[in-house]
Amino acid sequence: ALPISAELLQKLGSSDADVAAEAARGLAARNEASAAPRLLELLRTTDNPRIRNAAALALSDLNEPQAFAVLVDLLRDERTQKNRGTLLYALGAYDCSSILPLLVDLVTDGNFEVSRQALSLIHGIETELDDRTWSACAVRLRAALASASEERRPLISELLALFEDGDT
């Protein structure tokens with residue numbers, strides 16, 4: 001019989017989304033860092049949102065440094081348009097200061113879950129940001145607020161207040 005980790009790695013390749021997702025969760029639960037390359041490959045290549053989300057969360061749990069760039073690429077990928085909430089959640093394990101403009105765009109343009117998850121990541125940024133990036137984000141938020149729907153206004157206003165408070 002195969003060792004459990006080898007068995008789980010094998011199951012990552014399953015065409016059954018539930019089996020593959022469960023294998024990803026199992027590898028993360030066992031803190032199986034050696035599974036990171038296979039999980040990264042799966043994250044990059046699968047078109048199944050359930051498998052992609054399970055791989056993203058497993059890599060986040062494993063704190064795999066290479067996952068950050070892959071997750072960011074996926075947030076910009078058309079294929080993930082309706083399934084970005086979990087990808088954003090998985091980014092919570094990383095410093096997201098380098099993608100602040102992308103997060104601002106996701107707050108202003110994303111669906112309910114995506115906009116709130118992006119806002120949460122912005123609130124979690126502790127790194128000092130350069131003035132140009134900060135100003136550009138504030139300008140983007142003011143423009144978005146001007147044309148925002150009634151239900152999105154409070155969220156954009158909250159974020160804009162954060163940027164304006166930081167304009168010292």
Side-chain angles (χ1 to χ4, degrees), residues 17 21 24-25 27-29 31 33 36 39-168:
R25 286 190 288 275
L27 288 162
N31 206 12
L39 287 164
L40 280 163
E41 179 191 334
L42 198 58
L43 182 61
R44 274 189 204 99
T45 59
T46 186
D47 282 325
N48 185 305
R50 292 221 317 282
I51 296 172
R52 185 172 44 240
N53 288 344
L57 292 172
L59 287 159
S60 178
D61 288 348
L62 292 170
N63 219 337
E64 169 54 47
Q66 293 179 47
F68 180 80
V70 177
L71 289 166
V72 171
D73 288 345
L74 285 169
L75 287 173
R76 294 182 170 124
D77 190 322
E78 284 300 308
R79 294 178 306 157
T80 65
Q81 193 145 17
K82 299 201 181 328
N83 302 95
R84 291 182 175 153
T86 301
L87 299 176
L88 283 161
Y89 181 82
L91 280 172
Y94 305 93
D95 172 13
C96 292
S97 58
S98 64
I99 60 165
L100 181 64
L102 173 63
L103 294 175
V104 167
D105 287 345
L106 291 170
V107 169
T108 59
D109 303 331
N111 67 28
F112 182 87
E113 180 191 7
V114 166
S115 59
R116 270 123 192 109
Q117 197 62 54
L119 181 64
S120 173
L121 288 172
I122 291 170
H123 280 299
I125 292 175
E126 294 173 5
T127 313
E128 281 295 313
L129 295 157
D130 66 278
D131 290 341
R132 244 180 68 213
T133 302
W134 196 260
S135 299
C137 289
V139 167
R140 168 82 174 92
L141 287 165
R142 284 186 204 102
L145 187 59
S147 62
S149 63
E150 205 55 50
E151 66 267 6
R152 194 166 297 256
R153 271 207 179 105
L155 193 66
I156 296 173
S157 294
E158 175 189 335
L159 186 52
L160 184 55
L162 176 75
F163 278 84
E164 289 174 338
D165 288 347
D167 270 354
T168 48

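Not measured: the values here are computed from a predicted model.
- Counting all heavy atoms, side chain and backbone alike, Asp95 lies closest to Phe68 at O-CE1, 3.6 Å.
- Remark: the Asn48 side chain and the Thr46 side chain contain no N/O donor-acceptor pair separated by less than 3.5 Å.
- The shortest side-chain heavy-atom distance between Leu71 and Leu43 falls under the 4.5 Å cut-off.
- A distance of 5.5 Å separates CG in Leu141 from CG in Leu160, rounded to the nearest 0.5 Å.
- What you find for Thr45 and Arg79 is that their closest heavy atoms are O-NH1, 3.9 Å.
- Under 4.0 Å is where a charged nitrogen must lie from a carboxylate oxygen, and between Glu164 and Arg142 at least one such pair does.
- Side-chain contact check for Arg152 versus Leu145: every heavy-atom pair is 4.5 Å or farther apart.
- Here Leu91 contributes atom CG and Thr86 contributes atom OG1; the two are 11.0 Å apart, rounded to the nearest 0.5 Å.
- In summary, the side chains of Ser157 and Arg153 do not present any donor paired with an acceptor at a separation below 3.5 Å, with no hydrogens or angles considered.
- Taking OG from Ser60 and CG from Leu87, the interatomic distance works out to 11.0 Å, rounded to the nearest 0.5 Å.
- Between Asp109 and Arg140 there is a salt bridge, since at least one side-chain N of the basic residue sits less than 4.0 Å from a carboxylate O of the acidic one.
- Contact annotation: the side chain of His123 approaches that of Leu162 to within less than 4.5 Å [non-hydrogen atoms, C-beta and beyond].
- Judged by distance alone, the side chains of Thr133 and Asp130 do bring a donor and an acceptor atom under 3.5 Å apart.
- Here the CG-CG distance, from Leu100 to Asp105, works out to 9.5 Å after rounding to the nearest 0.5 Å.
- Using a distance-only test at 3.5 Å, with no hydrogens or angles considered, a donor-acceptor pair links the side chain of Arg84 to the main chain of Leu75.
- The two residues Cys96 and Ile125 come nearest to each other via the heavy atoms O-CD1, 3.7 Å.
- Once rounded to the nearest 0.5 Å, the distance linking CG of Leu39 with CD of Glu64 reads 9.0 Å.
- Considering CD1 of Ile99 and OH of Tyr94, their distance stands at 11.5 Å, rounded to 0.5 Å.
- Although no hydrogens or angles enter the test, the distance criterion places no donor-acceptor pair under 3.5 Å between the side chain of Asp77 and the main chain of Asp73.
- Nearest heavy atom pair, residue Ala118 against residue Leu88, reads N-CD1, 4.2 Å.
- Nearest heavy-atom pair across Val107 and Ser115 is O-CB, 3.3 Å.
- Considering all non-hydrogen atoms of both residues, Phe163 and Cys137 come closest at CE2-CB, 3.3 Å.
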